[in-house]
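Following: one structure in structure tokens, then a few remarks.
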Amino acid sequence: IMIGLKREFKGWVDCLAMQRLVEENPSTSVHVLDLPYRLSGPALDDPRSVGLWQNEVGELIAFAVIQWPWQTLDYAYSTIYAGSSLERQILNWAIEIFPKISKDYLSYEHPLLFIDVPQNDAAKVDLLSRNGFYKHDWQTTHFEKSLDVAVPHPVFPPGFSIRNVSTSDEYVEIHRAAFDSTTMSTRWREQVERWSLYQPDLNVVAVAPDGNVAAFCSGWIGQESRDKLYQKHPWGFTGQIEPMGVHPDYRKQGLGRVVLEETFRRMRAYGIEKVIVETDNFRDSAQGLYRAVGFEEKYLIYKYCREF
């Protein structure tokens, strides 16, 4: 039985609807607070990479995005349809479309499509296993840190200072250097800054004595954290770090801790009670840094994949 009617992606207006769907149904999406960051990426420039489903009165009930920077399928749906065939429809769409368009993005044979699965989500593991997906070695760790105690002002190395990100190009340059990757673009960054959920004062950079940007940190807080008229979210007043990084020329000087602690301090001023961060299992230095600033590992997010 077809539960939802598939329709075309119409750009920014649909991005806003996708964000609202996740805010209303956070349990169906691995990405909630950082979703604007992901919905700003290059996949959204290609309507073929986006699947949308609506009900009979035209309301969005599900979406899926093949996120090419991570080869990952992001999706969410209204909990009204939990247990229906809707999630299977989403998977079927991805299984059909991924091999057709992957050659436009990936230069090798037999690409993998990944789906994030919190380790305690047995139903999703079962669904994916029945549809040709298996657990990969790649996984991410979900960390949480309480902000119930005041965060001290960070201590900078001599001559370093901190300020908000000044331009999208400045951000792109430090992001590319920190991750040794060219996936971040000016267009992606400009889309990020377009969201009402984007907070300029939660996007900080550490500046070296020579004026170069040495580290950065982006913080996200939900709408309910900014506007206490909203009911308290099931997550509580929560913030998320996504992403943060340090320029390779300025590592081993404590700058990761500096930009994180400054972001925590600013989040706390918004009433944020808890902050989360997720990082890959192969990023040992990042995992060490997060533990050093007080994050605790809460659970793993498995990466289930299917080869095409």
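All residue numbers refer to positions in the sequence shown, counting from 1.
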Do [X] and [Y] land in one hydrophobic cluster if side-chain heavy atoms of ILVMFWY residues count as linked below 4.5 Å?
{"X": "Y299", "Y": "F282", "result": "no"}
{"X": "V259", "Y": "V155", "result": "no"}
{"X": "L112", "Y": "V65", "result": "no"}

Quick check for you: to the nearest 0.5 Å, what is the distance between [X] atom [atom1] and [Y] atom [atom2]?
{"X": "E242", "Y": "C217", "atom1": "CD", "atom2": "SG", "answer": "10.0 Å"}
{"X": "L33", "Y": "L197", "atom1": "CG", "atom2": "CG", "answer": "9.0 Å"}
{"X": "F156", "Y": "I162", "atom1": "CZ", "atom2": "CD1", "answer": "4.5 Å"}
{"X": "D121", "Y": "I301", "atom1": "CG", "atom2": "CD1", "answer": "11.0 Å"}
{"X": "L147", "Y": "E273", "atom1": "CG", "atom2": "CD", "answer": "9.0 Å"}
{"X": "L86", "Y": "L91", "atom1": "CG", "atom2": "CG", "answer": "10.5 Å"}

Do you know which of L127, I95, V125, V117 makes side chain to side chain contact (heavy atoms under 4.5 Å, CB included) with F133?
I95
From the list V205, V204, T263, N203, side chain to side chain contact (heavy atoms under 4.5 Å, CB included) partner of F216 resolves to V205
Heavy-atom side-chain proximity of [X] to [Y] below 4.5 angstrom:
{"X": "I80", "Y": "I61", "answer": "no"}
{"X": "Y290", "Y": "E297", "answer": "no"}
{"X": "Y134", "Y": "C305", "answer": "yes"}
{"X": "L44", "Y": "F9", "answer": "yes"}
{"X": "V213", "Y": "R163", "answer": "yes"}
{"X": "V293", "Y": "L289", "answer": "yes"}
{"X": "H31", "Y": "D116", "answer": "yes"}
{"X": "E170", "Y": "V165", "answer": "yes"}

Stepwise side chain to side chain contact (heavy atoms under 4.5 Å, CB included) test for W195 and L39:
CA-CA 10 Å; W195 289 87; L39 291 183; 3.8 Å; yes
Step-by-step salt bridge (charged side-chain N to carboxylate O under 4.0 Å, His left out) determination, E24 to R20:
CA-CA 6 Å; E24 292 163 5; R20 281 196 302 273; 5.5 Å; no
Nearest atoms (heavy-atom pairs only) where [X] meets [Y]:
{"X": "P157", "Y": "V258", "value": "CD-CG2, 4.4 Å"}
{"X": "A62", "Y": "I90", "value": "CB-CD1, 3.9 Å"}
{"X": "W68", "Y": "A43", "value": "CD1-CB, 4.0 Å"}
{"X": "V32", "Y": "S29", "value": "CG2-O, 3.7 Å"}
{"X": "W188", "Y": "M184", "value": "CD2-CE, 3.6 Å"}
{"X": "S102", "Y": "P99", "value": "OG-O, 3.6 Å"}

Give the C-alpha distance, both sets of side-chain angles, the deciding distance and a yes or no for side chain to side chain contact (heavy atoms under 4.5 Å, CB included) between E262 and R265.
CA-CA 5 Å; E262 179 63 17; R265 203 176 60 78; 2.8 Å; yes
Decide if atom CG of D180 counts as having more than 12 heavy atoms of other residues, nucleotides or ligands within a radius under 6.0 Å.
no
Inspect the surroundings of CG in D137 and state if more than 12 heavy atoms from other residues, nucleotides or ligands are less than 6.0 Å away.
no
[X] (side chain) donor-acceptor with [Y] (main chain) under 3.5 angstrom:
{"X": "R268", "Y": "D148", "answer": "yes"}
{"X": "T72", "Y": "W70", "answer": "yes"}
{"X": "E278", "Y": "T140", "answer": "no"}
{"X": "N212", "Y": "A208", "answer": "no"}
{"X": "D46", "Y": "R48", "answer": "yes"}
{"X": "R251", "Y": "V246", "answer": "yes"}

Would you please classify the geometry between the [Y] ring and the [X] ring as parallel, tilted or perpendicular, with 30° and 60° separating the classes?
{"X": "H247", "Y": "Y250", "result": "perpendicular"}
{"X": "Y37", "Y": "H175", "result": "tilted"}
{"X": "F308", "Y": "F98", "result": "tilted"}

Axial cation check for Y302 ring with K135, 6.0 Å and 45° limits:
yes
Regarding K124 and the six-membered ring of Y75, is the cationic atom NZ or CZ under 6.0 Å from the ring centre and inside 45° of its axis?
yes
Would you list the pairs meeting salt bridge (charged side-chain N to carboxylate O under 4.0 Å, His left out) in which at least one residue belongs to residues 64-90, sequence neighbours left out?
R38-D74
Indicate whether the side chain of [X] and that of [Y] have a donor and an acceptor atom separated by less than 3.5 Å.
{"X": "R283", "Y": "Q287", "answer": "no"}
{"X": "D201", "Y": "Y270", "answer": "yes"}
{"X": "Y171", "Y": "E193", "answer": "no"}

Quick one, I241 with L260, criterion side chain to side chain contact (heavy atoms under 4.5 Å, CB included). Give me CA distance, side-chain angles, the key distance, then yes/no.
CA-CA 8 Å; I241 303 299; L260 280 169; 4.0 Å; yes
Sequence neighbours excluded, the answer for side-chain hydrogen bond (donor to acceptor under 3.5 Å, both in side chains) partners of R257 is E261
Please test I276 against K298 for side chain to side chain contact (heavy atoms under 4.5 Å, CB included), starting from the C-alpha separation and ending with a verdict.
CA-CA 10 Å; I276 65 174; K298 292 295 181 181; over 6 Å; no
Validation row, ring centre W138 to ring centre F114 under 6.0 Å
yes
